[in-house]
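Let me begin by presenting the structure, written as structure tokens, before commenting on it.
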2 protein chains.
Amino acid sequence: MTGRDYLGEFEHIIVLALLRLEDRAYGVTVRQEIEFRTHREVSIGAVYATLNRLETKGFVKSHCGDPTPERGGRSKRFFRVTAKGVSAVNRTQRALHSMTEGLDLVRSYS
Amino acid sequence: MTGRDYLGEFEHIIVLALLRLEDRAYGVTVRQEIEFRTHREVSIGAVYATLNRLETKGFVKSHCGDPTPERGGRSKRFFRVTAKGVSAVNRTQRALHSMTEGLDLVRSYS
DNA sequence: AAAGATTTATTCTATATTGTATAGATAATG
DNA sequence: CATTATCTATACAATATAGAATAAATCTTT
């Protein structure tokens, strides 16, 4: 029931996007940030599904923002990373780092 | 049918273990390497299932080794990363890096 | 100021892929 | 043939993905 205590690949990317965006993080900007930095196409459904899952697990928290003075549009649901989420991302990064250090990734194998 | 062109979280870890182990990489040593470096428990079934999937996708290749002089034991199936696998791990790492750079992960949020 | 069009954003639904554990089969040796 | 190390098969849980549908806000028109 509790799930894992580290992040899946996309969860990892999403949490990093949230940390980067600070108080400007909501579905649309998260998607943009990832597409901009990784050049990978991301469907908006994937973003929300993952954000919801992360919230269920207590790695992020959301709150609704007030309407903005811009032209139309539903009000935003902002997300931020919890302390638990920061631990999880740190664990995940440490694991990856310990597997990577000292490796020469430039080599090509056949 | 083609699947993604980057690696899932555990796939990533597995490929890094293979690169690290070079010609000593087979199920059991892969598991050991991951447990040793990440302190995370890994079931042997998870390792083989992932290795098989990676091979199906062309990211790794396997071949059976000759019997060893040790007491008993089935012969080993060795794995190595293909050029395609190296590209995939590089892409995955680059994406993660571009999401991480400049971030201060020490901070804690509430 | 109400109706409808427009914009921005989120939710829902369905499916595919990945991750995990367990049990048991296989192949080698003494 | 018993013992040992390794691998395979299978089943299930968690994560990832896409796209259509819905919602909430503003603008435009009358």
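Every heavy atom of this structure was used, including side-chain atoms; hydrogens, water molecules and symmetry mates were not. So you know, we letter chains A, B, ... as the sequences are listed, proteins then strands, and number each from 1. Since the structure is predicted, the reported quantities are computational estimates derived from the model, not experimental observations.
Ion pair Arg91(B)/Asp5(B) flagged as a salt bridge, since at least one NZ, NE, NH1 or NH2 atom sits closer than 4.0 Å to an Asp/Glu carboxylate oxygen. Taking a cutoff of 4.0 Å between a charged side-chain nitrogen and a carboxylate oxygen, Arg80(B) and Glu22(B) do not qualify as a salt bridge. Look at Arg31(B) and Glu41(B) and you find no salt bridge, because none of the NZ, NE, NH1 or NH2 atoms lies under 4.0 Å from a carboxylate O.
Here dA14(D) presents its P atom at 13 Å from CZ of Phe59(A), a figure rounded to the nearest Å. Atom OH of Tyr26(B) and atom C1' of dT8(D) are 17 Å apart (whole Å). Atom C1' of nucleotide dA25(C) and atom CZ of Arg77(B) are separated by 15 Å, given to the nearest angstrom. Atom CG of Leu51(A) and atom P of dT17(D) are 13 Å apart (whole Å). Between the CZ atom of Arg31(A) and the P atom of dT8(C) there is a distance of 14 Å, given to the nearest Å. Put simply, CG on Asp66(A) is 15 Å from C1' on dA9(C), counting in whole angstrom units.
The shortest distance between side-chain heavy atoms of Val86(B) and Phe59(B) does not fall below 4.5 Å. At least one side-chain heavy atom of Arg4(B) sits less than 4.5 Å from a side-chain heavy atom of Glu9(A).
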Completion exercise
B/S/- along nucleotides 18-23 of chain C (protein heavy atoms under 4.0 Å) is BBBBB-
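Enclosure of atom CD in Glu101(B) by more than 12 non-hydrogen atoms of other residues, nucleotides or ligands within 6.0 angstrom is indicated.
Regarding contacts with the backbone of dT26(D), every side-chain N or O of Arg74(A) stays at 4.0 angstrom or more from both OP1 and OP2.
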